[in-house]
Amino acid sequence: MIRTIVYISNSVKLIEENTLNKLFLQTMLNNTLKNITGVLIYKEGTFIQILEGKAPALNNLFKKIQTDVRHNNITKILDRMNAKRLFGKFHTVLSSRGNARQLVNLETFLTDRADSSHSNTLLGLLHPFLNKSNNSMNALSC
Ligand SMILES: Cc1cc2nc3c(=O)[nH]c(=O)nc-3n(C[C@H](O)[C@H](O)[C@H](O)COP(=O)(O)O)c2cc1C
């Protein structure tokens with residue numbers, strides 16, 4: 001079984017492109033090593049992250065994330081066990097401004113998989129963050 005956690009949080013200050021890219025790189029490298037999948041989106045001072053993985057690895061990671069001083073108001077909005085991952089095959093990095101095409105890719109990917117109540121729930125939670133008209137968005141899927 002795969003544990004899925006979704007949370008939202010606020011960056012402690014307005015994050016610069018550079019800092020965000022470093023955070024995304026760290027996340028991508030660590031999560032690949034630990035077989036954690038999901039998506040991390042930053043929009044206007046708010047993060048939303050979906051994390052999927054085996055319970056022990058995910059528990060350890062979430063403890064680290066909760067003590068990270070780069071964000072606060074960490075609020076878990078979903079925590080459930082599911083038979084399989086939603087993001088298992090999606091490794092595209094989405095980053096920075098003006099990457100509307102990659103955001104469309106993410107939305108298409110999710111919409112194509114909106115075939116179960118689990119994927120529909122996750123798509124619904126991400127939806128407000130996938131607003132393509134807002135070009136101040138950064139997202140990473142790993
Ligand atoms: C919003 C946010 C999301 C994060 N997501 C992850 C993540 O998915 N994976 C990860 O390894 N680190 C993530 N981090 C960083 C961790 O809090 C922590 O700094 C990192 O895991 C430490 O890695 P290390 O033990 O290899 O030094 C995140 C940090 C923030 C602020």
Side-chain angles (χ1 to χ4, degrees), residues 1-114 116 118-142:
M1 290 292 277
I2 297 294
R3 186 179 179 192
T4 302
I5 292 178
V6 184
Y7 71 87
I8 53 171
S9 65
N10 298 123
S11 60
V12 289
K13 53 182 182 181
L14 206 62
I15 293 194
E16 283 174 17
E17 192 80 14
N18 237 353
T19 315
L20 201 58
N21 286 338
K22 275 187 203 147
L23 173 63
F24 282 178
L25 189 64
Q26 178 188 36
T27 293
M28 191 179 58
L29 292 175
N30 283 353
N31 291 7
T32 303
L33 283 175
K34 292 175 194 151
N35 205 12
I36 303 276
T37 50
V39 58
L40 173 61
I41 296 178
Y42 175 77
K43 183 180 178 183
E44 293 168 2
T46 299
F47 290 105
I48 183 167
Q49 184 165 29
I50 298 177
L51 292 163
E52 304 172 317
K54 297 272 188 202
L58 197 58
N59 299 349
N60 283 341
L61 173 61
F62 194 55
K63 273 187 208 147
K64 277 190 201 174
I65 291 175
Q66 283 176 300
T67 58
D68 195 309
V69 295
R70 289 172 284 191
H71 64 163
N72 56 24
N73 299 329
I74 300 153
T75 307
K76 201 154 60 164
I77 50 179
L78 185 137
D79 187 351
R80 67 156 65 134
M81 299 301 289
N82 201 56
K84 53 181 187 177
R85 294 166 194 267
L86 182 60
F87 293 94
K89 293 199 174 104
F90 194 55
H91 294 279
T92 307
V93 175
L94 303 170
S95 71
S96 188
R97 290 151 217 278
N99 61 352
R101 191 166 51 85
Q102 284 169 306
L103 290 174
V104 172
N105 288 347
L106 176 61
E107 194 161 26
T108 307
F109 173 86
L110 290 168
T111 308
D112 285 352
R113 278 154 190 80
S116 68
H118 180 59
S119 50
N120 269 323
T121 302
L122 297 183
L123 180 59
L125 292 175
L126 281 186
H127 197 256
F129 291 84
L130 294 174
N131 178 359
K132 295 180 287 292
S133 66
N134 188 320
N135 65 3
S136 67
M137 162 141 47
N138 298 272
L140 162 70
S141 173
C142 54

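Counting starts at 1 for both ligands and their atoms, in listed order.
Among the atoms of D68, some N or O lies under 3.5 angstrom from an N or O of ligand 1. Where the criterion is an N or O separation shorter than 3.5 Å, residue side chain and backbone included, N31 meets it with respect to ligand 1.
Using a distance-only test at 3.5 Å, with no hydrogens or angles considered, no donor-acceptor pair links the side chain of Q66 to the main chain of I74. Although no hydrogens or angles enter the test, the distance criterion places no donor-acceptor pair under 3.5 Å between the side chain of H71 and the main chain of I8. K54 places no side-chain N or O within donor-acceptor distance of the main-chain N or O of N35, the cut-off being under 3.5 Å.
By the criterion of a heavy-atom distance under 4.0 Å, both the backbone and the side chain of K64 are placed next to ligand 1. Residue contacts with ligand 1 for L61 involve side-chain atoms from C-beta outward but no N, CA, C or O (heavy atoms, distance under 4.0 Å). Counting heavy atoms under 4.0 Å from ligand 1, residue L23 touches it through the side chain alone.
The two residues P128 and G124 make their nearest non-hydrogen contact at CD-O, 3.6 Å.
Below 4.0 Å from some heavy atom of L51 lie the following atoms of ligand 1, by number and element: 8 (O).
The side-chain contact (heavy atoms from CB on, under 4.5 Å) check on S11 picks up I15, Y42, F47, with sequence neighbours excluded. With sequence neighbours excluded, no residue satisfies side-chain contact (heavy atoms from CB on, under 4.5 Å) with N18.
Ligand 1 lies less than 4.0 angstrom from a heavy atom belonging to Y7.
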